[in-house]
Amino acid sequence: MRLLLIHADFIEYEIKEKTAIAEEFNKKSERVEEVLIAFTSVEKNDNEEVAKKAANEIRDVAKKVGAERIMIYPYAHLSSNLADSETAINLLKIMEAELSDLEVHRAPFGWYKAFKLSCKGHPLSELSREISSEAELEVTKALKDEEKVVSYWYILTPQKELVEVEKFGFTNYENLRKFVNYEIAKRRAVDVVPPHVEYMKKLEIADYEEASDSGHLRYYPKGRLIKSLLERFVTQKCIDYGAMEVETPIMYDRNHPTLRRYLERFPARQYVLLGDKREFFLRFAACFGQFLMLNSATLTYKNLPLRIYELTRYSFRKEQRGELVGLRRLRAFTMPDMHTIVRDMEEAKKEFFEQYKLAVEVLKEIGLNPEDYEIAVRVTRDFYEQNRDFVHSLIDILKKPILIEMWNQRFFYFVLKFEFNFVDALEKASALSTVQIDVENAERYGITYVDADGSRKYPLILHCSASGAIERVMYALLEKCKFEFDKGKLPMLPVWLSPTQVRIIPVSERFLDKAVEICKEIENYDIRVDIDDRAETLSKKIRDAATEWVPYVVVVGEKEVESGKLTVTIRAESTLNKQTRLEMSVKELAERIKKECNGKPTAKLSIPKMLSKRPSMR
RNA sequence: GCCACGGUAGCUCAGCAGGGAGAGCGCUUGCUUGGUAAGCAAGCGGUCGCGGGUUCAAAUCCCGCCCGUGGCUCCA
């Protein structure tokens, strides 16, 4: 809020014309003598607290200059960041009420007014003030601190040399060059719709939902199926790694003493909602719930390392509008989030290394190989210098160059983190898997363990998302399909994620019974099969199976009935010009698919098996 | 949040120097019962994103808002 205060012999105004946002007012004009006039602009983010502070400020000045009357005069021209009219009127009224111990007048809001005033001209007769809330001041400070953080960029080469990024030759590392360019130069120049957005709609995976807020999608049956499989897979991998799965609330008290400081540091990215008496924010990660849970737990050194895991459906971040896109960046997303409590830095490093390997494995099994992403390590200079060999040893896991971002001071809660970044067709980078070593939150949340000598100590905490957000994994898989397509391959999802794994197409209605019979046989292997029983031509049905990216297409007719074998079109081995077809038995086909999906979760098809019964969802 | 561009049938889009709301696909019905990427015909289908304004007349021009995409910014 901005105030311009003028101590005047008198002010006199006359109402001229109404604007669209005018408040009701019946006086035509007003004149007040011996008055302190407060020209006021109510700005965005102003609240009751600000209005009260402003009132106090006005009272103080009035006392100093010896004015007994106040005129609050709405004046939009002091700011270019105005609040909406409703808020403005409301806060002006609050100011008026707060000053009711004095004689207070208020000029109407939203009218064109002519005014005359006579300024007294003494040294205190003209003052200006800027009022903001406590939280806002802290926020501003946090943002300024963040600006001060300077990044130093290096490449850690496969030979474990740390090279300044400008001196690294990116020959043979084209994708890394794109990633580094995105990270540092932040320059991209493309004007294409992201390929995955088109795919997500076409394949009936997900779509925008206009009735919700931006960044909240609807997931169609096929999308939910894919998402569910990924969720279950990552969850199982984390449990196998040794994590205990938990569930925590999605909203928390904004004024909870522990949470508050954190929010002030990373402001205005949360959804805020009103409970009966308290204000809540929607979680933007699982950290809150898990840390509060660990705060109550009794931990000893014998329990460590201790891992807890939650799949958050959802985490919420109110990202800026212009940043939202398809499945890449959302305001509601599903995050596998594992936290590991460790005794000391040695144990932290050991876990960090193991979880790095876990992330590589999880992505690989999902269908994203090391050549599909680029590695970034972000570290404080102190940590790097004290743990140089350890940081360099990360090269041994994937043997490809790593982008290193180094800070001279620690601003974030971690001293070391890595991310695997996917670079898409538009050369934009997005983080998938990440692990961080947190040196700050154990203390903040009061998480302690009893050590062997009986003393209470603060542990270190690792944050790990083994795959990154599930939606973002789907984005990366779809973008990868676009790359494959550009290379002349037919795009497809990994077989374990394909909603339909096998499609059976009877040559004519006469073979429908046979198709149903084969369908049941294959289903016994826990494979998702459907039947195109529509009254369409064979060619049409083949084409539709292809546009749905069905990995195995089986045509059933006279020939198959006689031979007892299936003719299977294999998408992974076909191109647009030449299809690969193999003769195989039901058992051979089923075993081939089971082998491809080994170790992955399975699910039944949730949409009608008969295509004639299946609705189009968009 | 800022700047640019876009929003017309279920989908993809044409129409937009103001005056009849269209095509292809899909869907329904009928014919066709087929051997590896779109068989034929007819029919159904629209608050032209939402609200306001200009005009005798607005999908078309103007203003505001919502949604999407790109860029900026951001990314705990």
Side-chain angles (χ1 to χ4, degrees), chain A residues 20-21 44-45 80-81 84 142-143 146 182-183 186-194 197-198 201-202 204 207-216 262-270 283-285 287-288 315 317-326 328-331 333 378 411-414 417 419 421 426 428-431 434 436 438 440-441 463 469 472 490 503 505-512 532-548 550 553-560 567-569 571 574-581 612 615-618:
Chain A
I21 50 173
K44 253 178 210 155
N45 302 322
S80 55
N81 186 30
D84 61 89
L143 291 177
E146 190 169 356
Y182 180 83
E183 281 288 315
K186 314 256 182 195
R187 278 198 55 203
R188 323 127 224 178
V190 223
D191 54 343
V192 218
V193 177
V197 172
E198 208 171 304
K201 293 182 178 187
K202 198 189 78 172
E204 294 191 353
D207 212 332
Y208 299 108
E209 174 53 75
E210 277 195 42
S212 185
D213 192 16
S214 306
H216 296 247
Y262 199 70
L263 295 185
E264 281 161 358
R265 244 174 92 167
F266 303 105
R269 297 281 160 71
Q270 302 94 33
R283 67 174 173 199
F284 43 90
C287 306
F288 314 102
S315 285
R317 294 187 193 181
K318 213 168 137 200
E319 306 288 8
Q320 296 188 89
R321 278 288 315 279
E323 263 306 302
L324 301 167
V325 52
R328 183 171 97 97
R329 202 159 175 78
L330 293 160
R331 284 181 170 176
F333 55 94
R378 310 191 199 252
F411 174 73
F412 302 107
Y413 56 73
F414 55 84
K417 84 183 263 195
E419 299 146 17
N421 290 274
L426 275 56
K428 290 192 179 195
S430 312
T434 180
Q436 302 152 10
D438 176 349
E440 191 175 293
N441 279 309
H463 301 235
R472 193 169 274 185
L490 293 176
R503 167 145 314 155
I505 302 178
V507 165
S508 75
E509 214 178 305
R510 287 191 296 135
F511 299 98
L512 187 55
D532 195 343
D533 62 329
R534 297 173 305 162
E536 295 290 348
T537 59
L538 180 63
S539 298
K540 178 69 181 298
K541 292 194 256 190
I542 298 283
R543 183 189 152 80
D544 286 349
T547 48
E548 271 186 66
V550 175
V553 178
V554 174
V555 174
V556 175
E558 197 66 54
K559 215 168 70 186
E560 286 71 24
T567 314
V568 185
T569 306
R571 185 172 178 84
S574 302
T575 65
L576 204 51
N577 301 323
K578 188 174 177 298
Q579 298 179 352
T580 297
R581 278 196 293 279
S612 67
S616 159
M617 298 302 292
R618 59 189 299 261

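Computed from heavy atoms alone, side chains included, the values below leave out hydrogens, waters and symmetry copies. Residue numbers begin at 1 in each chain, while the letters A, B, ... track the order of the sequences.
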Could you work out the separation of [N] and [M] based on their [atom1] atoms and round it to a whole Å?
N: B:G24; M: B:C40; atom1: P; answer: 12 Å
N: B:G64; M: B:A57; atom1: C1'; answer: 23 Å
N: B:A9; M: B:G46; atom1: P; answer: 11 Å
N: B:U55; M: B:C62; atom1: P; answer: 16 Å
N: B:G26; M: B:G10; atom1: C1'; answer: 7 Å
N: B:C56; M: B:U47; atom1: C1'; answer: 24 Å
N: B:A59; M: B:A37; atom1: P; answer: 46 Å
N: B:A17; M: B:A58; atom1: C1'; answer: 14 Å

* NZ of A:K540 to CG of A:D532: how many Å apart, nearest 0.5 Å? ->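 A:K540 atom NZ to A:D532 atom CG measures 9.5 Å (nearest 0.5 Å).
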
Please tell me which of the listed nucleotides, [options], lies nearest to the side chain of [X]?
X: A:Y182; options: B:A37, B:G34, B:C75; result: B:C75
X: A:L576; options: B:A37, B:A76, B:U69; result: B:A37
X: A:R581; options: B:G34, B:U69, B:U36; result: B:U36
X: A:F412; options: B:G35, B:G71, B:A76; result: B:A76

* Please report the C-alpha distance between A:D438 and A:Q436 in whole Å, then the side-chain angles of each, then the deciding distance to 0.1 Å, and finally whether the side chain to side chain donor-acceptor pair (under 3.5 Å) criterion is met. => CA-CA 6 Å; A:D438 176 349; A:Q436 302 152 10; over 6 Å; no

Over all strands shown, is [X] touching base, sugar-phosphate only, or nothing at heavy-atom distances under 4.0 angstrom?
X: A:E210; answer: sugar-phosphate
X: A:E536; answer: base
X: A:G326; answer: sugar-phosphate
X: A:K559; answer: base
X: A:S539; answer: sugar-phosphate
X: A:R321; answer: base
X: A:T567; answer: base
X: A:V325; answer: sugar-phosphate
X: A:I505; answer: nothing
X: A:E204; answer: nothing

If pairing requires Watson-Crick or G-U wobble contacts with both distances under 3.5 Å, which nucleotide is the partner of [N]?
N: B:A59; value: none
N: B:G6; value: B:C67
N: B:U12; value: B:A23
N: B:A42; value: B:U28

* To do: Using the closest heavy atom to pick a nucleotide of RNA chain B for each, name whichever of A:R331 or A:L490 lands nearer the 5' end.
  =>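 That would be A:R331.
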
* Most 5' of A:G215 and A:F414 on RNA chain B, judged by nearest nucleotide ->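 On the 5' side of the pair lies A:G215.
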
* Asked: Which pair of heavy atoms, one from A:R571 and one from A:A546, lies closest together, and at what distance?
  ->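 Scanning both residues completely, I find the closest heavy atoms to be NH1-O, 3.2 Å.
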
* Over all atoms of both residues, closest heavy-atom pair of A:E204 and A:R618 ->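 In terms of heavy atoms, the two residues are closest at OE2-N, 3.9 Å.
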
Check the distance between [N]'s [atom2] and [X]'s [atom1] and give it to me in whole angstrom.
X: A:E198; N: B:C13; atom1: CD; atom2: C1'; answer: 13 Å
X: A:R534; N: B:U28; atom1: CZ; atom2: P; answer: 10 Å
X: A:R472; N: B:C75; atom1: CZ; atom2: P; answer: 13 Å
X: A:E548; N: B:G26; atom1: CD; atom2: P; answer: 14 Å
X: A:R510; N: B:U32; atom1: CZ; atom2: P; answer: 15 Å
X: A:Y208; N: B:U69; atom1: OH; atom2: P; answer: 3 Å
X: A:K417; N: B:C75; atom1: NZ; atom2: C1'; answer: 9 Å
X: A:K540; N: B:U32; atom1: NZ; atom2: C1'; answer: 14 Å

* Is a donor-acceptor pair below 3.5 Å formed from side chain A:E560 to base B:G35, judging by atom type as modelled? ->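 Yes, the side chain and the base share a sub-3.5 Å donor-acceptor pair.
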
* Mark yes or no for a side-chain to base donor-acceptor pair under 3.5 Å between A:R317 and B:C75, with no hydrogen or angle criteria applied. =>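 Looking at the base of B:C75, it does not pair with any donor or acceptor on the side chain of A:R317 (distance under 3.5 Å).
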
* CD (A:E209) with more than 12 external heavy atoms under 6.0 Å ->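 Yes, CD of A:E209 has more than 12 neighbouring heavy atoms, counting only those of other groups under 6.0 Å.
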
* N-O pairing of A:E323 and A:R329 below 4.0 Å ->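 Yes.
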
* Asked: Thinking salt bridges, do A:R534 and A:D544 make one under a 4.0 Å N-O criterion?
  ->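 So A:R534 pairs with A:D544 through a salt bridge.
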
Report yes if at least one side-chain N or O of [X] is closer than 4.0 Å to OP1 or OP2 of [N]; otherwise report no.
X: A:Q320; N: B:C75; result: no
X: A:K578; N: B:U36; result: no
X: A:S214; N: B:G68; result: yes
X: A:R618; N: B:U12; result: yes
X: A:T537; N: B:G34; result: no

* Asked: What class does the angle between the rings of A:F414 and A:F412 fall in, given that below 30° is parallel, 30 to 60° is tilted and above 60° is perpendicular?
  ->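 Plane angle under 30°, so parallel.
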
* To do: Kindly indicate, with the supporting measurements, whether the criterion side-chain contact (heavy atoms from CB on, under 4.5 Å) is fulfilled by A:T434 and A:K417.
  => CA-CA 7 Å; A:T434 180; A:K417 84 183 263 195; 3.7 Å; yes

